[in-house]
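Everything on this sheet refers to the single structure shown next.
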Amino acid sequence: MFAVVVLAAMLANDEGAATPLPADIPSDAVFYTQEDARKMHMEDGYYPPKAANAHASGAVTIECEVGADGKLIRCAVLDETPPDLGFGKATAVLFLKHAKITPEQPDTPLPASSWKKFRYIWKYDGRNG
């Protein structure tokens, strides 16, 4: 019985092995995954409520792992300005739910896994909350 459990755990780890992180992602970076995005419900669109209440605009840099199908697998928040208003989480969830990467050349497949960096600017316009 024990050998079966250990073998199953080893197989699960091999199939779900994570792609190594790029060197520019700090070890303490906050990550969001597709599973996180599915569980999160963003009220009033994706604009963070805390930021809307503060009438704040913001900017976020994220780096995301891209699967062979072009869908994002997970995203790390690298920079969030201003901090603590929810822009990082909102950006990661927005990209995980809606972004899809296409190859630069139409007939060229995407690699099995790669990383792509994005910068997203949030503008408060009075209708955000």
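Along the sequence shown, residues carry numbers from 1.
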Between the CD atom in E63 and the CH2 atom in W115, the distance rounded to the nearest 0.5 Å is 7.0 Å
Interatomic distance, OH@Y47 vs CG@L85, rounded to 0.5 Å, equals 9.0 Å
Smallest heavy-atom separation, L72 atom then I101 atom, equals CD2-CG1, 4.1 Å
CG (D36) and NZ (K97) are apart, to the nearest 0.5 Å, by 11.0 Å
Taken to the nearest 0.5 Å, the spacing of L96 CG from C75 SG works out to 4.0 Å
*So if you build clusters from Ile, Leu, Val, Met, Phe, Trp, Tyr with side-chain heavy-atom gaps below 4.5 Å, do V60 and F118 land together?*
yes
- Can you find a heavy atom in the side chain of Y32 that is under 4.5 Å from one in the side chain of R74? no
* Salt bridge present between D24 and K117 (N-O < 4.0 angstrom) -> yes
Rounded to the nearest 0.5 angstrom, the CD1-CG distance for I62 and D79 is 12.0 Å
Rounding to 0.5 Å, atoms CG (L78) and CZ (R119) come to a distance of 10.0 Å
- Item | Between E65 and S113: side-chain donor-acceptor atoms closer than 3.5 Å | yes
ask   = For the side chain of Q34 and the backbone of I73, is there at least one donor-acceptor N/O pair under 3.5 Å apart?
value = no
Taken in chain and number order and not counting sequence neighbours, the residues that satisfy side chain to side chain contact (heavy atoms under 4.5 Å, CB included) with A29 are I25, P26, F31, A76
Sequence neighbours excluded, the answer for side chain to side chain contact (heavy atoms under 4.5 Å, CB included) partners of D125 is R127, N128
T81 vs F87 side-chain heavy atoms within contact, under 4.5 Å:
no
Under 3.5 Å, is there a donor-acceptor pair between the side chain of S57 and the main chain of Y124? yes
Closest heavy-atom pair, A59 versus I121, reported as atoms and distance to 0.1 Å, is CB-CD1, 3.7 Å
The side chain to side chain contact (heavy atoms under 4.5 Å, CB included) partners of E35 (sequence neighbours excluded) come to T33, R38, K39
Examine W122 together with Y120 and report whether their ring centres are nearer than 6.0 Å. yes
